[in-house]
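Proteins come first, then strands; the chains are lettered A, B, ... in the order of their sequence lines, and each starts at number 1. Since this is a predicted model, take the numbers as computed values, not measurements.
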There are 2 protein chains.
Amino acid sequence: MDAICKCKNIDKKELERTVAEQPDAETIERLSTFFSVFGDGTRLKILYYLSRHELCVADLASLVQMGQSAVSHQLRNLRLNRLVKVRKEGTTSYYSLDDEHVQSIFEVALEHINEEQR
Amino acid sequence: MDAICKCKNIDKKELERTVAEQPDAETIERLSTFFSVFGDGTRLKILYYLSRHELCVADLASLVQMGQSAVSHQLRNLRLNRLVKVRKEGTTSYYSLDDEHVQSIFEVALEHINEEQR
DNA sequence: TTATTATATGAACAGATATTCATATAAGGA
DNA sequence: TCCTTATATGAATATCTGTTCATATAATAA
């Protein structure tokens with residue numbers, strides 16, 4: 001890379017280190033996918049409820065006030081992204097959180113938006 | 001609310017408390033918007049570079065390998081969401097992070113995706 | 001078996017989003 | 001003044017995403 005840094009007020013050595021240490025493409029891809037999962041109100045609500053109780057699909061649908069199909073699709077999304085897990089009992093599926101980081105993520109984000117009104 | 005909890009294996013009192021304490025619509029809205037900002041590779045890269053240096057638009061464009069216009073649009077997005085701030089000097093705009101939480105957010109998310117390959 | 005209940009999923013559709021292109025603005029130099 | 005450079009932004013476009021609808025699956029009850 002050569003076209004870097006036309007604005008010369010930063011240390012070239014340091015910038016090179018920054019480029020060398022940049023997260024690789026796969027990491028960026030996974031990070032953006034991960035955050036996208038939290039970037040939807042319906043999924044956030046689902047995650048909130050699941051952070052409190054293990055719940056079946058019908059109850060989640062009633063809690064977030066969405067159709068069963070919509071919730072089912074979103075649970076699939078959350079499952080594929082390893083944020084929730086299922087336990088089947090007869091015909092009903094019980095979902096719960098599958099990640100210890102969800103809580104931390106919520107907390108930092110809440111901190112951020114609460115400090116926003118300065 | 002009444003249609004709640006057809007699956008009766010959870011404590012009704014506790015569920016009512018969960019509903020009572022649920023984040024309000026505005027909080028959900030702000031949270032999902034906040035996370036959406038992180039849900040894009042280009043913006044993640046920009047945030048990474050800005051976490052290391054204050055940089056002008058042209059340099060950012062060269063670093064993330066995108067057109068000036070695309071980067072400018074994304075910086076606008078980040079600015080409106082209060083994650084970056086600008087400092088103007090003549091015709092050039094220097095951008096830097098405007099949020100102490102960005103680093104924490106990155107860290108928790110990286111922890112998550114790194115533990116993913118079990 | 002037939003009916004019912006709980007959930008999952010493909011297809012269609014609408015709305016959102018990222019990038020590009022063209023152009024505008026605005027500062028500084030010739 | 002005119003030209004160049006750095007950035008910003010509106011419009012157009014292509015892609016992605018969330019919800020709905022219809023239907024499939026699978027367990028259980030009658």
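The shortest distance between the side-chain N/O atoms of A:Lys88 and the OP1/OP2 oxygens of D:dT25 is not below 4.0 Å. Within the structure, every side-chain polar atom (N or O) of B:Arg76 is placed at least 4.0 Å from both OP1 and OP2 of D:dT7.
When each of C:dT9, C:dA8, D:dA6 is scored by its nearest atom to the side-chain atoms of B:Thr92, the top-ranked nucleotide is D:dA6. Between D:dT7, D:dA8, C:dA8, one nucleotide has an atom nearer to the side chain of A:Ser93 than all others, and that is C:dA8.
Comparing A:Arg43 and B:Leu75 against DNA chain D, the residue whose closest nucleotide sits nearer the 5' end is B:Leu75. The 5' end of DNA chain D is approached more closely, in terms of each residue's nearest nucleotide, by B:Tyr95 than by the other of A:Asn77 and B:Tyr95.
Between the CZ atom of A:Arg87 and the P atom of D:dA27 there is a distance of 16 Å, given to the nearest Å. Rounded to a whole Å, the CG atom of A:Leu78 is 16 Å from the P atom of C:dT7. When rounded to the nearest whole Å, the span between CZ of B:Phe35 and C1' of C:dA16 equals 20 Å. Between the CD atom of A:Glu29 and the P atom of C:dA18 there is a distance of 14 Å, rounded to whole Å. We find that CD1 of A:Ile28 is positioned 15 Å from P of C:dA18, with the value rounded to whole Å. The distance from atom CG of B:Leu44 to atom P of C:dA18 is 11 Å, rounded to the nearest whole Å. Rounded to an integer number of Å, the gap from A:Phe38 CZ to D:dT17 P is 16 Å. C:dT9 atom C1' lies 12 Å from atom CG of A:Leu80, rounded to whole Å.
In this structure, CG on B:Leu15 lies 6.5 Å from CG on A:Leu55, to the nearest 0.5 angstrom. B:Ile46 contributes atom CD1, which lies 11.0 Å from atom CG of B:Leu97 (distance to the nearest 0.5 angstrom).
With sequence neighbours excluded, the residues that form a salt bridge (charged side-chain N to carboxylate O under 4.0 Å, His left out) with B:Arg52 are A:Glu21. For A:Asp40, the side chain to side chain donor-acceptor pair (under 3.5 Å) criterion is met by no residue, not counting sequence neighbours.
Between A:Phe106 and A:Phe38, the two ring planes are perpendicular [angle over 60°; tilted spans 30° to 60°].
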Sugar-phosphate means primed atoms, P, OP1 and OP2; the rest is base. With that split, encode nucleotides 19-30 of chain C 5' to 3' as B, S or - using protein heavy atoms under 4.0 Å.
SBBB----B---
A:Leu110 vs B:Thr27, side-chain contact (heavy atoms from CB on, under 4.5 Å): CA-CA, chis, key distance, verdict
CA-CA 8 Å; A:Leu110 271 170; B:Thr27 302; 3.8 Å; yes
Run the side-chain contact (heavy atoms from CB on, under 4.5 Å) test on B:Leu50 and B:Leu83 for me, step by step, so that the C-alpha distance in whole Å, both residues' side-chain angles and the decisive distance to 0.1 Å come before the verdict.
CA-CA 10 Å; B:Leu50 294 183; B:Leu83 290 176; over 6 Å; no
